[in-house]
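When a ligand or atom number is given, it counts from 1 through the structure's own listing order.
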Amino acid sequence: MTNLSKFYQKTWMQRLQALMDQQLISVEQRQLLEKSATDPAVGDQQIENYLTHYGLPEGLAFHYLIDQRRYLVPMVTEEPSVIAASSHGAAIVEKSGGFYTKVTDHLLWGQIVFEQVANAEKLKSLLEQQQEKLLQIANQAHPSLQQRGGGARYLRVRILASDLVSLDLAIDTQQAMGANMVNSMLEAVADYLREQVSTPVLLSVLSNLADQALATAVCRIPVELLARPQITGQQVAQKMAAASRLAQLDPYRAATHNKGIMNGVDAVAIAMGNDWRAIESAAHAFAVKKGNYRGLSQWQLKSDESVLEGTLTLPLPVGFVGGSTKIVPLVQLNHHLTAIKSVGELEKVMVSVGLAQNLAALQALVSEGIQQGHMRLQLRATVLAAGAQPAEVATIVTKMQQLQRTDLATAQNLLAKEHEGEH
Ligand code: MEV
């Protein structure tokens, strides 16, 4: 592998050549890497050892009515059914008057953790007494943030163990996600404290448990809008409320319940150039904040059981500027499509998408089941995996439905027969 050494120093073309020389890729594979590399110059600046751009499908979800405004929602996901489910959930809410949302301030926590603490209470009061000074040092490390109306707002000190203390700074990052800003502000404060106190600093970094950047969406659905072919709206609503309760009680179900919510949230996060891992870790940490891991949303019957009310609160450490937002042209296009103008508005859309996604999943789960409604989409993926050309997919999918088969081998057999017929 010696010729792959100093891979990072090679130009993009040299990297492809090195992989060829080492017989790690074929001519066709090199062509695929070249074809997929939509913007090698940009990719090379974004990450290390750049090879190519890995494409994911992007689609649009419709019917989003949020605080009386309509939104088109671009979603990037490889999972069949997510966008259809999103639009379906949003359409039910649209008929019910739309989503109502609220967002808190957009504060991120940054922590500076001290180890080998001799007297935790003493260190705590020492740090608290220095609040003004520490906030000032943090803000001096990023004066432009303060000029934009943001900056370090307050601090708290938590004693985690007799020898471990966390100093947490709440930082208003304005329109940005702000991870880099927070980290550089923390490091400035940590440097100052290293001179002031003899207790060693273990680490300083932002916390992804963004419980000071919350967004809530609520919807109230007349139960008749939830009816499915074999089951009344009233019954669907009762079962959805029961499924919601289940997700409060059982972490095994809660994990899946929340995965469904994040199917939508992540897809919007990616489309809008955000760090979806940060959003994921925030959501799951928040889901366990009260002790047990729980469903993030809740559904309850209200008004003599005539209305099903859904609520979802999510921590959303997202950004509307910074990160890849300016670098990736598709992100700019998606900003334009949604017509979202601020980080708060982005949070409102994301939390509404999460609730719509959850609504669609629960409605399907308690009625016909998740598979049936989405079978055609799942079948399309199987038929593509069997090697079908896009133009052949519909025919093979229909044949598989007639045979009531869903497996890859059947798809391959049908495809082979189709090809035989052509000769
Ligand atoms: C699949 O990606 C997501 C669901 O499993 C969510 C759920 O069960 O609530 C359908």
Worksheet item: Looking at side-chain heavy atoms only, is the closest gap between Leu19 and Leu4 below 4.5 Å?
Response: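 Result yes, sub-4.5 Å side-chain heavy-atom pair found.
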Worksheet item: Taking the side chain as C-beta and beyond, is there a heavy-atom pair between Arg405 and Leu414 under 4.5 Å?
Response: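 Contact flag for Arg405/Leu414 side chains = no.
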Practice prompt. Check whether any N or O atom of Asn358, backbone or side chain, sits under 3.5 Å from an N or O atom of ligand 1, and answer yes or no.
Written response: no
Worksheet item: Once you round to the nearest 0.5 Å, how far does CD1 of Ile25 lie from CG of Leu51?
Response: 7.5 Å
Worksheet item: At a 4.0 Å threshold, what atoms of ligand 1 neighbour a non-hydrogen atom of Glu79?
Response: 1 (C), 2 (O)
Discussion item. For Leu365, which part has a heavy atom under 4.0 Å from ligand 1: side chain, backbone, both, or neither?
Written reply: side chain
Worksheet item: Considering only heavy atoms, does Asn263 approach ligand 1 within less than 4.0 Å through its side chain, its backbone, both, or neither?
Response: side chain
Worksheet item: Which residue, Ser87, Ser352, Ser86, forms the side-chain hydrogen bond (donor to acceptor under 3.5 Å, both in side chains) with Tyr64?
Response: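 Among the candidates, only Ser86 passes.
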Fill in: Parallel, tilted or perpendicular: rings of Trp12 and Tyr50 (30°, 60°)
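Tilted.
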Worksheet item: Who's the nearest protein heavy-atom neighbour of atom 5 (O) of ligand 1, and how far?
Response: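 For this ligand atom, the closest protein heavy atom is Thr256 CG2, 3.5 Å.
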Worksheet item: Touching ligand 1 at all, Arg253? Heavy atoms, strictly under 4.0 Å?
Response: yes
